[in-house]
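For reference, the structure is listed below as C-alpha cells.
Letters A, B, ... mirror the listed sequences (proteins, then strands); counts begin at 1.
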Amino acid sequence: MNDINLNEIEIKWQKYWQENNCHDINLSFPKNKFYNLSMFSYPSGDKLHIGHWFNYGPADTFARFKKMQGYKVFQPQGFDAFGLPAENYAIKHGVHPAVSTKANVKKMKEQLLRIGAMYDWKNEVNTSSPDYYKWTQWLFLKLHEMGLAYQKVSPVNWCPSCATVLANEQVKEGTCDRCHSEVTKRSLKQWFFKITEYADELLSELDKLNWPAKTIHMQRNWIGKSVGAKIIFDIHGFDETIEVFTTRSDTIYGATYMVLAPEHELVDIIVTDDYKGDIRKYKLSTKKMSEIDRSSADREKTGTFTGAYAVNPFTNEKVQIWISDYVLASYGTGAIMAVPSGDERDFQFAQKYNLPIIEVVSPDGKPHGADQCFSDYGISLNSGEYSGQPSQEVITSINMELERREIGGAKVQFKLHDWLISRQRYWGAPIPVIHCDDCGAVPVSFDDLPILLPEDIKLSETYGEDLSPLATNDEFINAPCPKCGKPAQRDADTMDTFVCSSWYYLRYPNAGYEGGPFDNNKMDWLPVDQYIGGAEHATMHLLYARFVTKVLRDAGYLSFGEPFTNLFHQGTITRDGAKMSKSKGNTVSPDEYVDKHGADIFRTYLMFMGPYEDGGDWTDTGIVGIERFYYKGLKLIRKQVDGELNQKDQYIIHYTIKSVTHDLENKKFNTAISRLMEYANHFISYETISQEVKNTFVLLLAPFMPHIAEEMWQIIGNEPSVFNTDWPVHVEAMIKVSTCKIALQVNGKLRGTIEVDAGISNDDLLTESRNIDNIKKYLDGKTIVKEIVVPKRLVNFVVR
RNA sequence: GCCGAGGUGGUGAAAUUGGUAGACACAAGGGACUUAAAAUCCCUCGGAAUUUUAUUCCAUGCGAGUUCGAUUCUCGCCCUCGGUACCA
C-alpha cells in the first residue's frame, strides 16, 4: 500500500511547479486578482516552528482553493530580518548580525520550501537588504516632508535589558513586549511619527473592515477616543493657568480641588515654601516606583498639597492644588479638576485627605448626601443656573459658556500617542538625518539613499551607556551637513522594525523595483484581499500598517486607505497550555513530522485538529488518522473504473462539493476534511467506482494535500497540474432528497423516527406519525393540545 | 477591577444558529488475518436501568426562566483563556 514515498513526490512536484512556472502570475494584469498574504517571518535564530506552519499551511490551502476557483492568486513570502532578537542572537553567538541573519534566513527558507506552498519567490522581500531599507528610509523622509515625523524630548519607555526605548504599543502591562523586563521612564530626545493625526480616521474606518471583531475592538480601545471639554483654571496669585481635560464638564460646580501629575511642569513653579519638602519627597518616591506598581488601580491613593490654590471659574471658590500619582502625566494635560461626588477615584482621595465634597448630580436632581459618589448621568443640583437640567444638556451649555468666556470648550482626547520610532540599537534601518550645530536636524537628500548600515561595529560594548552602537563608528557618524556643508553628525539611532513591516505588503508585487518603493502600475494588486496572521499584532503592526497606508494615500501614492480588506487570525498552538517559545524550551519542530509523515499529512493534520481560529494544545496523537485517510484515498482512486452512480452516490458527491466549498470559503478546514473523510468512507466499500468519484475526490483534496493530489491526479489518468483544473461546482438538484427521516416527539421528547417521502403533506405526515406504535403508546388516553410540524425535520405532539 | 471569547464523552471536536446532542477522528476494548508483530479489515464505545437486536431515565460548567421543544435565547452564579490597567 505504502508504495509512494511522500518526501520524494514532494520534491517531484515542487520541481514540476517551479519548472512550469505554476506559481508565477503576471502582476501587470490585476484582473480577477487575489492577494493572499501571510505575515512574514522573523529570523531571530529560531527555526521555523509549528506556529509558522499553522499560519502558512492553511493559508496556502486557502490560496490554492482560490486559484482553483479561477482567481489569479499572488502569494508572496519574505523575511522581517532586521530587529533586536536577531541582533541579540548574533551577539550571543559572537557573529555579525548580517552573517547570522543571512544564515538564519537561508535555513528558514529551506524549511519554508518544504511546505510546498504556492509562493512567488521571485518577489521575495528581506527588510535588512539595502534594496529594501533604502525605501524604508524613503518612507521616513516622506513623513518628515509631510510634517509627520518630528523630534521631541519626552519621558519615554526604556527597556534596560534591551537597552533601547520602546513605543507605547510595545509595552505590555508595564513590561517589554519582547523580553518582559520591567520598563522604566527616561527623558530622551527621540523621533516620533504623528500617528495621532490619523486617530479619527483610524477609528472610523474600522467599521469598513472585515476583520475579527476582537481586533477591531482592541484597536478602538487603544485609540481611545473620549469626547469632553478642556477647562482652564486660574492659579491664585500666579499668571500661570492649569488646563484640564474632562468628560464631565457638567460637574464643574463640584470641582473642589485639583490634582497635577507629580511630573507636571507647574508643580515646582507654584509650590509654596512650606510645602517644598513634602513635594520633593513625594516626587522622589513616585520616581522610584515602577510603572507596574504605579499603575495598579487598587493601590491606596496618595498625594501631597502644594500650598497653592486655583479658582473654580464657575463657583469662584479657591480650591486646593494637590499632586498625586493617580493622575497620569501621559494622558490628557496631566492635570485634573477633581469632582469627588462624581468620580470614584476623586471620592476616595477626598475622603482620605478631608477635602470638600459637593453633590452636583443625582438620579432625580434631589440631594442624596455627599457621603457617596454618583458617577452616572442624571440631573444637576447645586450647580447654579444649571441645576435641574439633565447632564448631557448641562455639558453642552457649559461647553458653550467655556467658549464664550474663552476658558476652554469642547475637546476630543485620544489615548493613542505618537509612534516613537527611534531605537538605540544597531540592527535596523539608520534614520536618514544629519544633526548640524547650525541647521539642526536636517534630513538627507532622497538621492543619497540608502544610508548604509556600516558593517564595522563593536556591539555588546556599547549597550547600557545611553549610546547607540552607531555612535561609536566615526566613519559613519561624521558627515557634512546637507544644508550648509559644515561638519555634522548622523543620527545614531535606527528605526523600529515595525517601520520596516509597516509597508512590506506594498513592496511584494514589485520587490525588485528600483524606481521607488513601489511601482504605481502594480498598486492595483492592492489592497491585500486576505491577510492571515497572529492576533498579537492587533495594536502594533496592524495599526502601524493602516497608518502608513493612509499617509501614502494622502501623499498621492495610493488610491486606497486600508491595506488589509479581510483579516483572519489563526489560533495559537500551545504546549501543555503554555505559549511555545525558545526561552521556555517548549517549541516543537515541524521537521521531524515532515520527514516522517510528509508535508501534506502534517499540514492537513494541523487543519483537522480543530477550528482554525482556536489553535490548541499540541499533541501528535491524531496524525495517524490523517495518514489512514490518505491510504484510504489512495485505495479509492486505485479502484477499477466502472460503477454507476445511484441517487445516493450523486447526493454524496454534490453534498460534499457544497460543504467543502462552503467550509473552505469560511476557513473551516476541520469540518471540510471531515466531509472528505465521509466521502471516502462511503465509496471505499464499492468494488468499482466511476471516474467522476475519483476526479471529484482529488480535486476537493488538492488544496489540503497539494503534492499528493498532483500524484493522484496523474494516477487516475489526468494531465498535471490539478491546480489548473476548475474547482467543482455542485448541482443543487442532486442534493434534493426523495425521502427524509423525521424525528417524532411527544411533549418534546424523542419517541421514534419515520422515513417518509420528501414531498409528503403535513396532514399525511401527522396521520402516519400517529400510527407508529411507540407514538400511539404515548397518545393513548391523552388529549392532543397541539401538533407541530417542522417540514423535513420533525413532528411534535403536545398532549395533556 | 473593567472589556471580550469560551466551558459538550477518556481526548480533539461536530451540530444546517431554536428542531433526533456527540458527525469526523484519536485513544480504549473485542474479533479476523498472521508462526508472531506491524499494517489492514470488522464490531463496541457518554452514563445508568430494564424485559439488553429494544425501551426508559439522566446528560452540553452550576442554578433558575422563556418555549411544544434550549448546546443554541434571557437572568444569576462558578471556573478557563485572551485584552487592558487609576485614560479624568
Revision key, fill the gap. From CZ of A:Arg345 across to C1' of B:C2 the rounded distance in Å is 12 Å

Exercise for review: Between B:A5 and B:G9, how far apart are the P atoms? Round to whole Å, please.
Suggested key: 22 Å

Revision key, fill the gap. Exactly one candidate in A:Thr539, A:Thr196, A:Ile195, A:Leu203 meets side-chain contact (heavy atoms from CB on, under 4.5 Å) with A:Ile223; the answer is A:Leu203

Review point. Contact class for A:Asn681 (heavy atom, under 4.0 Å): base, sugar-phosphate, or nothing?
Key: sugar-phosphate

Check your understanding: Base, sugar-phosphate, or nothing: which does A:Gln745 touch, judged by heavy atoms less than 4.0 Å apart?
Key -> base

Check your understanding: When rounded to the nearest Å, what value does the distance between P atoms of B:U72 and B:G65 take?
Key -> 15 Å

Check your understanding: With rounding to whole Å, what would you report as the distance between B:U34 and B:U40 at their C1' atoms?
Key -> 12 Å

Check your understanding: Out of B:U56, B:A14, B:G19, which has the shortest distance to the side chain of A:Val790?
Key -> B:G19

Check your understanding: Closest to the A:Met677 side chain: B:G19, B:U56, B:C24?
Key -> B:C24

Review point. Looking at B:A25, B:G12, B:G83, which one has an atom nearest to any side-chain atom of A:Lys632?
Key: B:A25

Exercise for review: Would you indicate, yes or no, if B:C58 has its OP1 or OP2 atom less than 4.0 angstrom from a side-chain nitrogen or oxygen of A:Lys749?
Suggested key: yes

Practice item. Mind telling me if B:G9 is syn or anti? Syn here is a glycosidic angle within 90° of 0. Key: syn

Check your understanding: Between A:Asn221 and B:G4, does any side-chain N or O lie under 4.0 Å from OP1 or OP2?
Key -> no

Study note, to complete from the structure: Sorted by position of nearest nucleotide on RNA chain B, 5' first, the leading residue of A:Val624 and A:Glu169 is A:Val624

Check your understanding: Do A:Asn771 and A:Lys776 have a side chain donor and acceptor closer than 3.5 Å?
Key -> no

Review point. Could you state the CH2-C1' distance from A:Trp618 to B:C26, rounded to the nearest angstrom?
Key: 13 Å

Study note, to complete from the structure: Of B:C41, B:G19, B:C86, the nucleotide closest to the side chain of A:Leu328 is B:C86

Review point. With a 4.0 Å cut-off on heavy atoms, is A:Asn670 in touch with a base, just the backbone sugar-phosphate, or nothing at all?
Key: sugar-phosphate

**Study point:** Given RNA chain B, 5'-ward residue of the pair A:Met609 and A:Ile673, judged by closest heavy atom
**Key:** A:Met609

Practice item. Please indicate whether A:Gln640 has more than 12 foreign heavy atoms, meaning atoms of other residues, nucleotides or ligands, lying under 6.0 Å from its CD. Key: no

Review point. Does a nitrogen or oxygen in the side chain of A:Asn796 sit under 4.0 Å from OP1 or OP2 of B:G19?
Key: no

Study note, to complete from the structure: Winner on side-chain proximity to A:Ile788, out of B:G4, B:C68, B:A88, is B:C68

Point to revise | C1' atoms of B:U71 and B:U20, separation to the nearest Å | key: 14 Å

Point to revise | Ion pair A:Glu627/A:Lys596, N-O distance below 4.0 Å | key: no

Check your understanding: Can you tell me how far C1' in B:G76 sits from the matching atom in B:C68, rounded to whole Å?
Key -> 26 Å

Check your understanding: Within the structure shown, what part of the strands sits under 4.0 Å from A:Asp614 by heavy-atom distance: base, sugar-phosphate, or nothing?
Key -> nothing

Study note, to complete from the structure: Winner on side-chain proximity to A:Tyr331, out of B:A25, B:A88, B:U20, is B:A88

**Study point:** Distance in angstrom units between A:Lys411 NZ and B:C87 P, rounded
**Key:** 17 Å

Practice item. Using a cut-off of strictly less than 4.0 Å, decide whether A:Lys786 has a side-chain nitrogen or oxygen near OP1 or OP2 of B:C68. Key: yes

Exercise for review: Could you tell me whether A:Lys214 atom NZ has more than 12 heavy atoms of other residues or ligands within 6.0 Å of it?
Suggested key: no

Review point. Given that both distances must come in under 3.5 Å, which nucleotide forms a Watson-Crick or G-U wobble pair with B:C81?
Key: B:G4

Review point. What is the glycosidic conformation of B:U52: syn, defined as within 90° of 0, or anti?
Key: syn

Exercise for review: Determine, for A:Lys225 against A:Asp200, whether the closest basic-nitrogen to carboxylate-oxygen distance falls under 4.0 angstrom.
Suggested key: yes

Point to revise | Spacing of A:Asp620 atom CG relative to B:U11 atom P, expressed in whole Å | key: 18 Å

Point to revise | Contact under 4.0 Å: A:Ser226 side-chain N or O vs B:A88 OP1/OP2 | key: yes

Review point. Does B:A15 have OP1 or OP2 sitting under 4.0 Å from an N or O in the side chain of A:Lys668?
Key: yes

**Study point:** Interatomic distance, A:Ile223 CD1 vs B:U84 P [rounded to whole Å]
**Key:** 14 Å

Check your understanding: Is there a Watson-Crick or G-U wobble partner for B:C62 with both distances under 3.5 Å, and which nucleotide is it?
Key -> B:G76

Check your understanding: What does A:Phe414 touch in the nucleic acid at a heavy-atom separation under 4.0 angstrom: a base, only the sugar-phosphate, or nothing?
Key -> nothing

Study note, to complete from the structure: Picking from B:A23, B:C3, B:C86, the nucleotide nearest the side-chain atoms of A:Arg675 would be B:A23

Point to revise | Nucleotide paired to B:U55 in any strand shown, Watson-Crick or G-U, under 3.5 Å | key: B:A49

Exercise for review: Cation-pi check, A:Arg751 to A:Tyr778: give yes when NZ or CZ is under 6.0 Å from the six-membered ring centre and within 45° of the ring axis, no otherwise.
Suggested key: yes

Practice item. For B:C43 versus B:A48, give the span between their C1' atoms, rounded off to a whole number of Å. Key: 23 Å

**Study point:** B:A88 to B:G4 separation - C1' atoms, rounded to the nearest Å
**Key:** 24 Å

Check your understanding: When we call it a touch if two heavy atoms are under 4.0 Å apart, what does A:Val327 touch: a base, just sugar-phosphate, or nothing?
Key -> base

**Study point:** Spacing between A:Lys301 atom NZ and B:A88 atom P, to the nearest angstrom
**Key:** 14 Å

Review point. Between B:C57 and A:Arg751, is there an OP1 or OP2 to side-chain N/O distance shorter than 4.0 Å?
Key: yes

Practice item. Please determine if a side-chain N or O atom of A:Tyr326 lies less than 4.0 Å away from the OP1 or OP2 oxygen of B:A85. Key: no

Point to revise | Sugar-phosphate, base or nothing in reach of A:Tyr605, heavy atoms under 4.0 Å | key: nothing

Review point. If the C1' atom of B:A21 is compared with that of B:A38, how far apart are they to the nearest Å?
Key: 37 Å

Check your understanding: Between the side chains of A:Gln413 and A:Tyr331, does any donor sit under 3.5 Å from an acceptor?
Key -> no

Check your understanding: With a 4.0 Å cut-off on heavy atoms, is A:Lys172 in touch with a base, just the backbone sugar-phosphate, or nothing at all?
Key -> sugar-phosphate

Point to revise | Counter-base of B:C86, judged by Watson-Crick or G-U geometry with both distances under 3.5 Å | key: none

Review point. Looking across every strand, which nucleic acid part, if any, lies under 4.0 Å from A:Arg628 by heavy atom: base, sugar-phosphate, or nothing?
Key: sugar-phosphate

Check your understanding: Counting only Watson-Crick or G-U wobble pairs whose two distances fall under 3.5 Å, which nucleotide matches B:U67?
Key -> none

Check your understanding: Does CD belonging to A:Gln372 count more than 12 external heavy atoms closer than 6.0 Å?
Key -> yes

Review point. Out of B:U16, B:A88, B:C24, which nucleotide sits closest to the side chain of A:Thr246?
Key: B:A88

Check your understanding: Nearest-Å distance, NE2 (A:His417) to P (B:A85)?
Key -> 11 Å

**Study point:** Nearest listed nucleotide, side chain of A:Pro611, among B:A14, B:G12, B:C41
**Key:** B:A14

Point to revise | A:Lys287 and A:Asp325 ion-paired at < 4.0 Å | key: no

Exercise for review: Can you tell me the distance, in whole Å, between the OH atom of A:Tyr630 and the P atom of B:U40?
Suggested key: 13 Å

Check your understanding: For A:Thr671, which contact category applies under a 4.0 Å heavy-atom criterion: base, sugar-phosphate, or nothing?
Key -> sugar-phosphate

